[in-house]
Amino acid sequence: MSLLSMLDGGQGATPCSASGCSADAAHAVHWRNPRIHSADRVKTWAACDEHRDSLAEWLRSRGFPVIVTAFGETVERVA
């Protein structure tokens, strides 16, 4: 079972990770903190269309590498 399927418990739509947003996720924002994690330690946030860019930019502004994919796609590494 993938991390993304565990987020919604296999029960349907997953809400966006943006604070206060309950829209269905359409994107996955994969990231890691390079100061404490190796490239194969991937964290994932769910994002709706409205919050995809703002969530990714918030992470990038802190120096975190980010990859955005369609929701449900996984990545093995975030370099």
Minimum heavy-atom distance between [X] and [Y], given as atom pair plus value:
X	Y	answer
Trp31	Val66	CB-CG2, 4.2 Å
Leu55	Ala46	CD1-O, 3.8 Å
Ala28	Thr44	CB-CG2, 3.9 Å
Phe71	Ala25	CD1-CB, 3.7 Å
Arg62	Arg35	O-NH2, 3.7 Å
Val68	Ala56	CG2-CB, 4.0 Å

Would you call [X] and [Y] a side-chain contact if the rule is heavy atoms closer than 4.5 Å?
X	Y	result
Lys43	His37	yes
Phe64	Pro34	yes
Val29	Leu59	yes
Pro15	Cys21	no
His30	Thr69	yes

With sequence neighbours excluded, tell me which residues meet side-chain hydrogen bond (donor to acceptor under 3.5 Å, both in side chains) with His51.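 None.
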Return yes if some donor-acceptor pair links the side-chain N/O of Arg77 with the main-chain N/O of Ala39 below 3.5 Å, else return no.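 Pair absent, no side-chain N/O of Arg77 close to backbone of Ala39.
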Is a side-chain donor or acceptor of Arg52 paired with a backbone partner of His27 at a separation under 3.5 angstrom?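 Answer holds: no.
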Can a cation-pi geometry be assigned to Arg60 and Trp58, taking NZ or CZ under 6.0 Å from the six-membered ring centre and within 45° of the ring axis?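 No, Arg60 does not lie over the aromatic ring of Trp58.
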